[in-house]
Structure formats: C-alpha cells, structure tokens
Chemist: 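Provided herewith is a single structure, encoded as structure tokens, for subsequent inquiry.
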Amino acid sequence: MQDSQIPAVENAAAPSSVKTRFDGSKAIALIGDICFAFWLFTEAVLAHTTISQIALVLVMLASFALVLTKKKACFSYWMILSALLIIWNTLGIYFWSIDAAVTKDAVQTFVVNFVFFAAVFQYLVLRGNFERVLTMYLLAFCAIIAYLVIMIGPANILVTRLGWFIGINSNKIGILTTFALAISLYKVFNARYWALIPLFLSLAGEVLALSFTALAGAAVIVVVFILIAWPKYWPLKILAMLVLGVGASIILVKFWPLATVKYNDTIAALTTPPQPFGSSIVHRRWLIQFGFQHFLERPVTGFGSNCFHLLEGAARGNEGTYAHNNYIELLVDGGAVQFVLYYAISVIALIRAFRGKHEKKLTARKALAVLYIAMLVIEFGTVVCFERERLIIPILLIASTFPDPSETGGKWLKTDFHLRRKKQPQSQEAIEA
C-alpha cells in the first residue's frame, strides 16, 4: 500500500518543478528586445556618442548569447553580397580611390556595419517572435518623440523643423517617422489598436519634420497599404487620398508660417536652374547632374568609397557634401559594380517577399516589403548606405522571409539559399503579441 503511493507523490511534484524551471532563452530574448529598442533610440538621437556605441555592443552581445542558447546560427545571402561589397571597396583603396585614407575609413564603417547587422540578424530570426520585434521598434520610436519634445520644449515645437532646434537632422527624423508609420499601420490593420498611439505620433512627426523626402515615402506607404487592405474601387480611393493630402497641405501652408516659408522656397527652387550655389533643392538638383557626369568618367570603378564629397568640394571650393541621393553616391563612389552588389540585396529581398501564394491579409512580411519600396523612393533624396538606423529596414525584411530555424533539426547552421520559400508557422507567443 505504501509502495503504491510513492510514485503518486513523485508524479505530483513533477509539474511544479517544470513550472519553476528558469527558461534562459526567453530571458535572453527579453534582454535582446530591450537592447534592440535602446539601440534604435540612441542611434536616432544620440548617434556617434559613447552611449550609442555601448548600445551597439549590447545588442551584439545579446544576439551572441541567443545563438549560444538556441545552439543555432543563421547565414544569409545578403552577407555574401555585403562581403563582396567590402572586398570591392577595399580594392579601391589600393588601385583607384582618389583618397585612400578617406576610402579606408569608409571601408571600416562598412565592416563595422556588416558585423553589427550579422549579429542583429541572429536576434531577429532566432527571437522566434517577429511581432515582438516590431513592437519594440514602435516603443523605441515613441521614446524618440518623447525625447525630442522634452529637449526642444513644447513652446519651440512649431518654431523650427522637428529636431533642428537641438542639432538633429530633420530629414533623419522625418524618415524615422515614415518607418514607424508603416509599422503602426500594419499593427492597426491587424487589430492591434494600441498602435494608434505611435501612428498618431508618426503622422505628427511627418508634418513637424517637413521633409519632402520622408513625405514621399509616407505617401507610397499609405496608398499601397490602403489598396492592399481594401482593394475594391482603388481609383476612387486614390483620388480621395489625393484630395485629402492636397487639402491638408493647403491648410498647413495657410496657417503655419514655417510651412508657408518652406512652400515658397520650394516653388522658387523648382523654377530655378540647377546650380552649385543656392537653396537646398537647387543644389541637390545640381548634385545629381554633377554626380552622373563623374560616374560616366569612371563607370566601372568609381572614384573610391565616400569620395563624392571630395569631388563636389573641389568643384565648389569648399569641404564638400554628400550626394543627397543614394543612387548617385554609390555610382560615383564605387561604380556600376558597387551599385549592382548593393541593390542586388534589395531585388532578391523584394522577390522573396512577394513570391508565393497571394495573401489578401497585410502580413508583416508584406508590410516590410512595402516599407522597403518606400525606402527606395526615399533614397532619391538622401544617402542611406552608411546609416545604421536606416539600413535596419532591409535587414528586417530579409529576416521576415528567413526559414523557421526550428526546421533544421540537429543542424546548427541555417541558411536561406533555398529556391522555395517555406511557410513559417506562427507561434502562440507571436499571436498574442
């Protein structure tokens, strides 16, 4: 009788021991979430500071810890193309760069970015909850807006473009708000109504930043998202959005002095021929012409990574500036070879994102693909190839198309070199996020 009771006691104790067991992988994933959000915040408002460097290292350490805990690592095609890009620019240091020291510094930046994003990629894939990753992005964005409001002061918000008052580039803030707008809309369209808060902040940020580059990307996102969510009667919907956008712009120009000045300057600039000296838009139009002419001089190799500003500075008699156009910057710096290697990553990522069975629902993968297309539009007005807070978008997209690491079984290395995309089952944790 007593012997028969012993197993019952042991079995009763078993469930409690399982419940109290410490799950190291979940703890590390949570730490990774916090580090990822902290890095996004520092990269936006505290770039090139000791704090931002610490945040960068913390994200890498958390990613490495996740690799050790999961006993898996992820290797993607983009790493091969990025490595080839680094090799190409390294050759430029010795054979064709007009300033080897400048190109060497640029290559070092490429290497740091490569190592960093290779680590972040492990976190994004092995985390096993992509919805949580996007949530952390939005939390970081809300913290960025709160920081800007506190540092600028409510009384100065409407005086200058958002960020300018405290020395942060307004175009940079505008682009970040465009990214947050896409992720917020995706969340709201999928009944995550708490995302209305970052959605409102992103819309306000778009207006306050007064960045035409960012607004162009935002327009692409809003139009495409609405057409995906409600595909019927799309001509009427595009017309309605156009009328709404024009109406809102007229109201801003009429009642907000800063918007009035921006509008008048833009109209004046568009009617002025491109020239090296003048307003920002006039100068940027000249930069495109200037850059393309120099690309034709060295169409294969270019003049060396990050050397565009040296050419521009020599032409204007000053220290020079970057191209304000990612396509021109890449063509002039590294020629057609660099251009092809860089944008091959984009082409493959978009093909994989839209490949397969048509999905009527706005999925995270499809939302990030639309965001990346908007980013390609944004790149006509800015240079992103050195900016980590912008380069995270293609990494997010590629991670969203990566195969489920759990399918590898005993294999520790997972790749995405397959030809067919496998459907990734959604975990209960992701559904509840």
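We count residues from 1, following the sequence as given. Since the model is a prediction, treat every value here as computed from it, not as a measurement.
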Chemist: Output the distance between atom CG (Leu287) and atom CZ (Arg316), rounded to the nearest 0.5 Å.
Modeler: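 Leu287 CG to Arg316 CZ: 7.0 Å, rounded to 0.5 Å.
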Chemist: Near Trp164 CH2, under 6.0 Å, is it more than 12 heavy atoms from other residues, nucleotides or ligands?
Modeler: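 For Trp164, atom CH2 is not crowded (no more than 12 foreign heavy atoms under 6.0 Å).
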Chemist: Return the minimal non-hydrogen interatomic distance between Ala83 and Phe114, and the atom names on each side.
Modeler: N-CE1, 4.3 Å
Chemist: Can you tell me if Thr109 uses its side chain to pair, donor with acceptor, with the backbone of Asp105 under 3.5 Å?
Modeler: yes
Chemist: How long is the straight-line distance from CD of Gln122 back to CE of Met60, given to the nearest 0.5 Å?
Modeler: 11.0 Å
Chemist: For Leu244, what residues pass the side chain to side chain contact (heavy atoms under 4.5 Å, CB included) criterion, not counting sequence neighbours?
Modeler: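 So Leu244 forms no side chain to side chain contact (heavy atoms under 4.5 Å, CB included) with any residue.
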Chemist: Side chain of Asp333, backbone of Phe308: donor and acceptor closer than 3.5 Å?
Modeler: yes
Chemist: Output all residues satisfying ring-ring contact (aromatic ring centres under 6.0 Å, His included) with Phe303, sequence neighbours left out; order by chain, then residue number.
Modeler: His294
Chemist: To the nearest 0.5 Å, how far apart are CG in Leu208 and CG in Leu158?
Modeler: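 Separation between the atoms: 6.5 Å.
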Chemist: Give the intermediate values and the outcome of side-chain hydrogen bond (donor to acceptor under 3.5 Å, both in side chains) for residues His283 and Glu312.
Modeler: CA-CA 11 Å; His283 182 213; Glu312 198 271 349; 2.9 Å; yes
Chemist: Has Phe189 got more than 12 heavy atoms of other residues, nucleotides or ligands less than 6.0 Å from its CZ?
Modeler: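 Buried by this count: over 12 neighbours within 6.0 Å.
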Chemist: Check whether any side-chain heavy atom of Cys307 sits under 4.5 Å from a side-chain heavy atom of Val332, and report yes or no.
Modeler: no
Chemist: Stepwise, does the side-chain contact (heavy atoms from CB on, under 4.5 Å) test hold for Ile395 with Leu391?
Modeler: CA-CA 7 Å; Ile395 300 300; Leu391 292 174; 5.6 Å; no
Chemist: If every non-hydrogen atom of Lys72 is compared with every non-hydrogen atom of Leu126, which pair is closest and at what distance?
Modeler: O-CD1, 3.4 Å
Chemist: Would Lys187 and Thr135 count as having a side-chain donor-acceptor pair, cut-off 3.5 Å?
Modeler: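 Judged by distance alone, the side chains do pair up.
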Chemist: Would you say Leu181 and Val222 make side-chain contact, with heavy atoms under 4.5 Å?
Modeler: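 A side-chain contact exists here, since the closest heavy-atom pair is under 4.5 Å.
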Chemist: Crowded around Ile267 CD1? As in, over 12 foreign heavy atoms under 6.0 Å?
Modeler: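 Yes.
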Chemist: To the closest 0.5 Å, what do you measure between CG (Asn129) and CG (Asp33)?
Modeler: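 One finds 8.0 Å between CG of Asn129 and CG of Asp33.
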Chemist: What class does the angle between the rings of Phe117 and Trp39 fall in, given that below 30° is parallel, 30 to 60° is tilted and above 60° is perpendicular?
Modeler: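 It falls in the perpendicular class, over 60°.
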Chemist: Would you please say whether a donor-acceptor pair under 3.5 Å links the side chains of Thr42 and Ser52?
Modeler: no
Chemist: How about Phe179 and Tyr137: are their ring centroids closer than 6.0 Å?
Modeler: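 So the answer is no for these two rings.
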Chemist: Check whether any side-chain heavy atom of Thr321 sits under 4.5 Å from a side-chain heavy atom of His309, and report yes or no.
Modeler: no
Chemist: Side chains of Phe141 and Leu40: closer than 4.5 Å at any heavy-atom pair?
Modeler: no
Chemist: Restricting to non-hydrogen atoms, name the atom on Ile328 and the atom on Ala323 that form the minimum distance, rounded to 0.1 Å.
Modeler: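 Scanning both residues completely, I find the closest heavy atoms to be CG2-CB, 4.1 Å.
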Chemist: Please check if the side chain of Ser63 supplies one atom and the backbone of Ala119 the other of a donor-acceptor pair under 3.5 Å.
Modeler: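 Yes, Ser63 side chain to Ala119 backbone: donor-acceptor pair under 3.5 Å.
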Chemist: Ring-plane angle category for Phe295 and Phe292, please: parallel below 30°, perpendicular beyond 60°, tilted otherwise.
Modeler: tilted
Chemist: How far apart are the C-alpha atoms of Phe110 and Phe386, what are their side-chain angles, what is the distance that settles it, and do they pass the side-chain contact (heavy atoms from CB on, under 4.5 Å) test?
Modeler: CA-CA 7 Å; Phe110 281 136; Phe386 298 106; 3.6 Å; yes
Chemist: Search all heavy atoms of Leu138 against all heavy atoms of Ala180 and return the closest pair with its distance.
Modeler: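 That would be CD2-O, 3.7 Å.
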Chemist: Cation-pi between Lys262 and Phe212: NZ/CZ under 6.0 Å from ring centre and within 45° of the ring axis?
Modeler: yes
Chemist: So, the side chain of Arg390 versus the backbone of Cys385: is there a donor-acceptor pair under 3.5 Å, distance only?
Modeler: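 Side chain of Arg390 to backbone of Cys385, a donor-acceptor pair under 3.5 Å: no, none is there.
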Chemist: Heavy atoms only: give me the nearest Ile166-Ile152 pair and the separation to one decimal.
Modeler: CG2-CG1, 4.1 Å
Chemist: Find out whether Leu46 and Tyr147 are in side-chain contact, i.e. whether some heavy atom of one side chain is under 4.5 Å from a heavy atom of the other.
Modeler: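 The answer is yes; the side chains approach within 4.5 Å.
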Chemist: Taking atom CD1 as the centre, does Ile197 end up with more than 12 heavy-atom neighbours from other residues, nucleotides or ligands that are less than 6.0 angstrom away?
Modeler: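 No, the 6.0 Å shell around CD1 holds no more than 12 heavy atoms from other groups.
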Chemist: Which atoms form the tightest heavy-atom contact between Asn325 and Val383, and what is the distance?
Modeler: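 It is N-CG2, 3.8 Å.
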Chemist: Lys172 side chain to Gly163 main-chain N or O, any donor-acceptor pair under 3.5 Å?
Modeler: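 Side chain of Lys172 to backbone of Gly163, a donor-acceptor pair under 3.5 Å: no, none is there.
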Chemist: To the nearest 0.5 Å, tell me how far Met136 CE sits from Ile183 CD1.
Modeler: 12.5 Å
Chemist: Does Asn306 use its side chain to pair, donor to acceptor, with the backbone of Val102 at less than 3.5 Å?
Modeler: no
Chemist: Do Phe130 and Val125 come close enough that some side-chain heavy atom pair is under 4.5 Å?
Modeler: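 Contact flag for Phe130/Val125 side chains = no.
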Chemist: Might you work through the side-chain contact (heavy atoms from CB on, under 4.5 Å) test for Asn171 and Thr382, ending with a clear yes or no?
Modeler: CA-CA 8 Å; Asn171 291 325; Thr382 188; 5.9 Å; no
Chemist: Could you tell me the separation between the CG atom of Leu61 and the CG atom of Leu56, rounded to the nearest 0.5 Å?
Modeler: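 Answer for the CG-CG pair, Leu61 versus Leu56, is 10.0 Å.
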Chemist: Run Asn89 and Gln338 through side-chain contact (heavy atoms from CB on, under 4.5 Å) and show every step you take.
Modeler: CA-CA 8 Å; Asn89 283 292; Gln338 174 171 258; 2.9 Å; yes
Chemist: If we ignore hydrogens and angles and just use 3.5 Å, is the side chain of Arg284 paired with the main-chain N or O of Val282 as donor and acceptor?
Modeler: no
Chemist: With no hydrogens and no angle check, is any side-chain donor or acceptor of Ser76 less than 3.5 Å from a backbone partner on Met79?
Modeler: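 Absent.
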Chemist: So for atom OH, which belongs to Tyr343, do other residues, nucleotides or ligands contribute more than 12 heavy atoms lying within a distance under 6.0 Å?
Modeler: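 Yes, OH of Tyr343 has more than 12 neighbouring heavy atoms, counting only those of other groups under 6.0 Å.
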Chemist: Do other residues, nucleotides or ligands put more than 12 heavy atoms under 6.0 Å from the OH atom of Tyr77?
Modeler: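 Yes, because the 6.0 Å sphere around OH of Tyr77 holds more than 12 heavy atoms from other groups.
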Chemist: Please name all residues satisfying side chain to side chain contact (heavy atoms under 4.5 Å, CB included) with Val340, sequence neighbours left out, ordered by chain then number.
Modeler: none
Chemist: Between the main-chain N or O of Ile398 and the side-chain N or O of Thr401, is there a donor-acceptor pair closer than 3.5 Å?
Modeler: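 Confirmed, Thr401 side chain pairs with Ile398 backbone.
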Chemist: If you measure from the Lys or Arg side-chain nitrogens to the Asp or Glu carboxylate oxygens, is any gap between Arg192 and Glu131 under 4.0 Å?
Modeler: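 Between Glu131 and Arg192 there is no salt bridge, as every charged N stays at least 4.0 Å from the carboxylate O atoms.
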Chemist: Would you check if the side chain of Trp88 reaches a backbone N or O of Val337 as a donor-acceptor pair within less than 3.5 Å?
Modeler: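 Not a single qualifying donor-acceptor pair exists.
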Chemist: Around atom CD of Glu319, are there more than 12 heavy atoms from other residues, nucleotides or ligands closer than 6.0 Å?
Modeler: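 Counting neighbours around CD of Glu319, 12 or fewer heavy atoms of other residues, nucleotides or ligands fall under 6.0 Å, so no.
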